[in-house]
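Read the structure below first, then the notes.
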Amino acid sequence: MKLPIIPSRRLAVLAGIALGTPAFAVVSIDYVTVGDINNANDAATGGLYGAVGYEYKISKNETTISQYAAFLNAVAKTDTYALYNTSMQTNANISGIQRIGTSGDYSYTVLGSGNRPITYVSWFDAARFTNWLHNGQTTGAQNASTTEDGAYTLNGATSGVGSSKNVGATVWLPSENEWYKAAYYDPNKGGPGVGGYWAQATQSNTINSNTVGAAGAANYFDSTDFAVTQSGSYSSSQNYLTDVGAYGPNSESAYGTNDQAGNVFEWNDAVVFGSTRGMRGGSWANNSDSLPASKSNVNTPPNELDYVGFRVASVPEPSALLLTVLSASALLTRRRRFTL
């Protein structure tokens, strides 16, 4: 029997390989699953935040310097939309990426620990990173196949408020509710199966310390000391970031996320006042007032600051999606059996 010739693109899909993607994952994101669907909003916020009616994944950690450097090396040999900020090298408080070469041949190397969170990223930079992940981490110019379309349709935008998340996005910046639920909701706070909210993203109502290793701790300025130095004296030559997860496991959320309190503020997808985007979580440079669930912050989307980074969200585990598809298929089959 002569076998049919299968076009190479279809063969790649059948094999589970997306054409144009690298043979191996450049960036691996460690996700946790946030289930417990249809939870109520947090009454402590006047019922404004926390309810999510579907299962999703959110990255366990803030996006790291190493992950962002891999992104730059993939798409920013010519950095058309300024994904790199020179302060990523020159600001010693957060420095982590060095750029060398000239436009068209830029390359990027990690300085120090690549497990610290990336900073000096605008909302647009973060959205472009999610587009790149959505598109399979393709390598090339900053265009629709890499950074300009996918989760968000940006088409060169670097100002304004940016686009809404596209239907079908597989990786995106979490909505404020998605971010809030992952940080503060505990499905067993009141006992097995009795959900509720903590005031802090450390399964507690207070932040106990900024010392690494202490339970319920976070990287923030405690009005006396910076976390890294345990000194109140500011130094322009000191790096104040901690590796992502340095405060876990005694300081993670109920779902297992790290650093949703402290280290760096994180962009979310909320559009606030029509011209700003939301961010939450506090940072190494801020005191405890910026950490709790009651504190929602905003920033202008193009702004790039030494205390702001991001994490990403994604679709549920493939097994959950497969079960949904199989259930729908089975229902359709049953319907067809009884259709005359």
Side-chain angles (χ1 to χ4, degrees), residues 27 29-31 58-72 76 82-97 108 110-133 151 162 171-176 178-180 182-183 201 218-221 227-228 239-248 252-253 257-270 276-286 290-291 295-314:
V27 168
I29 305 293
D30 188 7
Y31 289 101
I58 195 166
S59 55
K60 183 178 180 71
N61 298 309
E62 295 159 327
T63 302
T64 67
I65 288 168
S66 289
Q67 290 169 338
Y68 199 80
F71 169 53
L72 292 173
L83 300 173
Y84 180 75
N85 185 315
T86 57
S87 292
M88 292 177 181
Q89 176 181 347
T90 60
N91 184 338
N93 292 158
I94 56 81
S95 63
I97 300 178
Y108 304 84
V110 173
L111 302 172
S113 172
N115 288 326
R116 291 168 289 136
I118 190 65
T119 60
Y120 277 110
V121 282
S122 69
W123 182 91
F124 289 97
D125 297 335
R128 286 184 163 94
F129 182 85
T130 68
N131 279 350
W132 179 65
L133 293 179
V171 185
W172 61 89
L173 296 176
S175 70
E176 188 159 19
E178 289 168 345
W179 196 100
Y180 192 102
N219 182 352
Y220 70 103
F221 181 68
V228 169
N239 197 302
Y240 288 104
L241 299 176
T242 44
D243 281 1
V244 297
Y247 285 86
E252 57 187 17
S253 74
T257 60
N258 295 312
D259 300 305
Q260 286 195 269
N263 221 4
V264 294
F265 271 104
E266 300 173 22
W267 288 109
N268 63 56
D269 210 5
T276 59
R277 292 276 186 173
M279 62 180 197
R280 277 185 173 271
S283 83
W284 64 268
N286 298 92
S290 65
L291 300 176
K295 187 66 172 180
S296 179
N297 295 272
V298 299
N299 212 324
T300 304
N303 276 5
E304 298 174 341
L305 301 164
D306 64 355
Y307 55 87
V308 179
F310 67 100
R311 74 179 65 219
V312 300
S314 186

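The side-chain heavy atoms of Ile118 and Ile97, taken from C-beta on, include a pair separated by under 4.5 Å. Side-chain contact between Thr257 and Ile58 is present, with at least one heavy-atom pair separated by less than 4.5 Å. The shortest side-chain heavy-atom distance between Trp123 and Met279 does not fall under the 4.5 Å cut-off. At a threshold of 4.5 Å between non-hydrogen side-chain atoms, the residues Tyr240 and Asn219 do not count as touching. A heavy-atom distance below 4.5 Å is not found between the side chains of Asn239 and Val228. Counting heavy atoms from C-beta outward, Val244 and Asn258 have side chains that stay 4.5 Å or more apart. Two residues are said to be in side-chain contact when any heavy atoms from C-beta on lie closer than 4.5 Å; Met88 and Val121 meet this criterion.
Counting heavy atoms of neighbouring residues, nucleotides and ligands inside a 6.0 Å radius, atom OH of Tyr31 exceeds 12 of them.
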Verdict with reasoning, Val27 to Trp132, per side chain to side chain contact (heavy atoms under 4.5 Å, CB included) | CA-CA 10 Å; Val27 168; Trp132 179 65; 3.7 Å; yes

Is there a side chain to side chain contact (heavy atoms under 4.5 Å, CB included) between Leu305 and Thr119 once you walk through the steps?
-> CA-CA 7 Å; Leu305 301 164; Thr119 60; over 6 Å; no

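Under a 3.5 Å cut-off, the side chain of Tyr180 and the backbone N or O of Arg280 do not form any donor-acceptor pair. Side-chain atoms of Gln260 come within 3.5 Å of backbone N or O of Trp179 as a donor-acceptor pair. Asn268 contributes no side-chain N or O that, together with a main-chain N or O of Arg277, makes up a donor-acceptor pair within less than 3.5 Å. In terms of modelled atom types and a separation under 3.5 Å, the side chain of Trp284 and the main chain of Ile94 share no donor-acceptor contact. Formation of a donor-acceptor pair under 3.5 Å by the Ser59 side chain with backbone atoms of Arg311 is not found in this model. Under the 3.5 Å distance criterion, the side-chain polar atoms of Thr300 are left unmatched by any main-chain donor or acceptor of Pro302. Using modelled atom types, no side-chain atom of Ser283 and backbone atom of Phe265 make a donor-acceptor pair closer than 3.5 Å.
We find the CZ-CG distance between Phe71 and Leu83 to be 4.5 Å, quoted to the nearest 0.5 Å. The distance from the OG atom of Ser66 to the OH atom of Tyr108 is 15.5 Å, given to the nearest 0.5 Å. With rounding to the nearest 0.5 angstrom, the CG atom of Asp306 is 11.0 Å from the OG atom of Ser95.
Shown here for Ser253 and Ala182, the closest heavy-atom pair between the two residues is OG-O, 3.0 Å. Considering all non-hydrogen atoms of both residues, Val312 and Ile29 come closest at CG2-CG2, 4.2 Å. Closest approach of Ala218 and Ala261 over heavy atoms only: CB-O, 3.4 Å. In plain terms, the two heavy atoms of Ser290 and Lys295 that are nearest each other are CA-CG, 3.9 Å. The two residues Val171 and Ala151 come nearest to each other via the heavy atoms O-CB, 3.0 Å.
Taking Arg116 as the reference, nothing meets the salt bridge (charged side-chain N to carboxylate O under 4.0 Å, His left out) condition, with sequence neighbours excluded. The salt bridge (charged side-chain N to carboxylate O under 4.0 Å, His left out) search around Glu252 returns Lys60, not counting sequence neighbours. Under the rule for a salt bridge (charged side-chain N to carboxylate O under 4.0 Å, His left out), Asp125 has no partner lying at least two apart in sequence or in another chain.
Relative orientation of the Phe129 and Tyr68 rings is parallel, given thresholds of 30° and 60° on the angle between their planes.
Judged purely by distance below 3.5 Å, without hydrogens or angles, the side chains of Tyr120 and Asn91 pair a donor atom with an acceptor atom.
Ser113 pairs in a side-chain hydrogen bond (donor to acceptor under 3.5 Å, both in side chains) with only one of the listed residues (Asp243, Thr64, Thr242), which is Asp243.
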